[in-house]
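Before any comments, here is the structure.
Position 1 is the first residue of the sequence; numbering continues from there. Small disclaimer: the values here were computed from a predicted structure and weren't measured.
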Amino acid sequence: MSYKIKNFSPSNNKETLKKVDFESKPGQITNVYLEDEKQKSFKKIMLGRQKNKTGRYQVDNEDVINKNFIKLRTEYIKTDTWFERLVPTKWILALSLLSDLQFLRNARIKYAEKKYEYLSLLDSKNDLSDLKLRRDIDEAINKFIKFSNESHEKIINNLDDVLSKLNEGMSQKMFNEFSPQVKVLSKALFDIEKEKLLKRMEFKFVQVLYDRVESLNELRDSCTCEFNTKKSNNKLLRKRKNLFEYKQTKFIVEKQLKFLNIRLNKLRLESILLFFRKRTISTQFKFELDKFYKTYSVAKEVQQEISSELNNWKKVIKDKVSDQNLTEKKFLFNFIKTESSLLTKFIISNIHNYHKLILTGEVKYGNKNEFLSLRKHYKKQIVPVFKQAELWMENNFKNLDINFEWFLKGSFKLTSLNMIYVKILKAINLGKKNIILSDFLHLLTNKDYEMLFDTISKINEFYPEISFIILHSRTFTISDISKNKKIYWSRNNELVKTTNKEFFEKNLIDICKNELGESNVFSYTKESDNLIDVENRLWNVNTKKFNESGFIFINPLEISTEFIENNSVPINVRIIRTNKYHDKNMYFGITKNKTKIYFYSEDKTFERENEAVLYFEEHSISAII
């Protein structure tokens with residue numbers, strides 16, 4: 001679930017939208033049709049700039065805390081400025097991708113992995129036995145780290161589950177009768193307290209792991225072959241003393257230490273971010289709590305009780321973490337020590353066995369040309385972080401059928417469509433799962449419009465977790481207006497969700513006035529009770545009341561292109577080509593009396609200048625004036 005807003009009423013009574021029920025789903029387009037003033041009000045709500053007096057507000061299954069919370073998860077795309085066109089696209093997209101800590105961390109790991117593998121290959125000097133030994137050691141260290149991580153992760157996850165349930169229960173118990181903001185902020189505040197303690201535990205674990213892996217480069221004295229060779233009376237053996245050096249672990253260990261160091265830096269940064277986030281939410285929580293106390297004149301004694309319960313809540317979290325620390329100590333100082341001892345014995349034994357191969361002359365060397373080819377191959381695998389970002393973007397462009405080959409090389413974005421692409425891709429790079437397009441689609445050409453929605457379809461295919469929310473103030477910018485599709489619009493200052501058919505029916509007078517001009521408006525004269533003359537044809541309408549003459553508004557989604565026998569009237573039209581509606585199933589025609597009409601047809605296609613017969617039924621009439 002992306003956006004889920006239930007019974008939201010804004011705290012500011014001046015807002016034009018008084019109540020909002022809204023939901024957007026991943027991998028789908030959600031259409032919202034609003035007038036300018038109501039769009040401003042809706043935008044404030046969607047971007048977290050409007051607090052809720054009542055109701056629940058969630059984004060990506062988490063309760064909204066403040067506008068910064070939404071800013072990290074939502075991208076609001078509006079028309080571009082001249083300054084935005086001056087910044088090179090390559091830099092915008094690459095830097096936005098590198099702002100994604102997960103991508104940056106993975107790119108650094110990939111770079112370090114390939115770099116140290118290449119250095120280790122060079123260091124082996126085409127000795128196949130040495131290469132096999134290095135691979136075995138690398139695999140053993142990987143298994144040790146992986147097994148340790150998985151075991152520790154179980155401990156952390158179990159504690160995380162316990163503390164999450166505690167925080168959920170305490171927030172419900174203490175603040176169920178308070179304003180929604182107080183309950184949400186209290187849980188968020190103590191979730192941060194929980195995260196801080198868990199990060200501290202993980203940091204300690206990674207440090208211990210770092211020390212254990214680092215010690216693998218200090219096992220030189222564990223194998224006496226190098227010392228014995230140097231002191232040997234055999235001159236030939238002394239000349240080959242470099243083969244007995246304890247060096248196979250060097251680049252393998254450095255690679256793993258680099259990985260662990262990246263992880264430690266990640267934990268440090270996350271702890272710093274948690275500190276600032278806690279300070280912000282703590283201030284906000286105190287503000288909302290004091291406001292509630294003041295609004296409802298809460299007694300000082302009650303306030304002190306709540307303060308005491310909050311302190312107890314924090315103490316319970318710390319006590320549970322302290323109880324877990326005993327298990328943590330056993331894990332760090334017993335389990336990891338035992339596993340690292342086994343790893344040490346394995347490495348020493350394998351290196352000693354390699355030394356035996358040297359002494360017996362059983363060491364195998366590879367083909368020189370093959371080794372040179374292998375060196376070139378390994379060197380090509382070393383890709384700098386920024387280059388990885390460029391390659392990732394190029395692959396993404398291919399997946400989404402976006403041709404940016406010329407575009408990336410220049411500084412200027414020549415079309416508005418390119419700027420929209422840049423902003424969408426930037427949002428994807430930053431890991432945002434909700435993309436809101438403001439009311440600008442009417443500014444695009446038909447070709448650009450089609451290209452944009454083809455790209456959105458591709459994005460939904462490759463990134464099914466991303467949802468698109470599109471704001472409209474004109475019906476012709478809606479990509480799919482088939483009658484059973486859902487759309488959000490404002491009724492009595494409340495945001496409601498209905499079918500396109502009902503939306504057109506309720507708003508057809510305004511749509512005709514603001515968009516369609518005189519289209520879909522037919523004059524009539526009353527011949528007798530429930531019998532009217534429309535386009536020189538008599539139409540028997542049983543359930544409507546008519547004046548002696550007037551106008552009827554015909555819903556374009558309730559016009560049939562198939563013959564209907566009972567109580568319908570056939571109208572002959574000549575099809576005229578129009579590019580007004582982007583939905584190709586919306587056609588435009590003109591009657592013999594020069595009345596213009598739009599009608600929707602999914603089953604049949606109509607060519608320009610051809611004749612067609614349309615059938616109106618009673619429910620085709622949306623309004624009578």
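For the 3.5 Å distance criterion, the side chains of Thr74 and Tyr3 qualify, holding a donor opposite an acceptor. A donor and an acceptor atom, one from each side chain of Tyr449 and Thr477, are nowhere located under 3.5 Å apart. Defined by atom type and a distance below 3.5 Å, a donor-acceptor pair is present between the side-chain atoms of Asn572 and Arg537. No side-chain donor-acceptor contact under 3.5 Å links Glu505 and Asn555. Remark: the Asn434 side chain and the Ser467 side chain contain an N/O donor-acceptor pair separated by less than 3.5 Å. Between Thr595 and Asn593, the side chains place no donor N or O within less than 3.5 Å of an acceptor N or O (distance only, hydrogens not considered). Residues Ser473 and Gln39 have side chains that never bring a donor and an acceptor to within less than 3.5 angstrom of each other.
Ser41 places no side-chain N or O within 3.5 Å of a backbone atom of Glu37 that could act as its donor or acceptor partner.
Under the 30°/60° scheme for interplanar angles, the aromatic rings of Tyr488 and Phe22 are found to be tilted. The aromatic rings of Phe476 and His582 sit tilted relative to each other, their planes meeting at an angle between 30° and 60°. Relative orientation of the Tyr296 and Phe292 rings is tilted, given thresholds of 30° and 60° on the angle between their planes.
The CD1 atom of Ile470 sits 8.0 Å away from the CZ atom of Phe440 when rounded to the nearest 0.5 Å. In this structure, OH in Tyr76 is found 13.5 Å from CD1 in Ile70, a value given to the nearest 0.5 Å. If you take CH2 on Trp392 and CG on Asn106, they are separated by 12.0 Å, rounding to the nearest 0.5 Å.
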Verdict with reasoning, Glu390 to Lys387, per salt bridge (charged side-chain N to carboxylate O under 4.0 Å, His left out) | CA-CA 5 Å; Glu390 284 185 330; Lys387 184 64 177 176; 3.7 Å; yes
List the steps and the verdict of side-chain hydrogen bond (donor to acceptor under 3.5 Å, both in side chains) for Tyr463 and Asn396.
-> CA-CA 11 Å; Tyr463 300 98; Asn396 213 26; 2.7 Å; yes
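Salt bridge status for Lys497 with Glu23: absent, with no side-chain N to carboxylate O gap under 4.0 Å.
By the neighbour-count criterion of 12 heavy atoms within 6.0 Å, atom NZ of Lys18 is densely surrounded, having more than that number from other residues, nucleotides or ligands.
Shown here are the ring pair (Phe, Tyr, Trp, His ring centres under 6.0 Å) partners of Phe553, two or more places apart in sequence or in another chain: there are none.
Under the ring pair (Phe, Tyr, Trp, His ring centres under 6.0 Å) rule, Phe588 has a single partner from Tyr600, Phe599, Tyr598, which is Tyr598.
The shortest non-hydrogen separation linking Lys38 to Ser490 is CE-OG, 2.9 Å.
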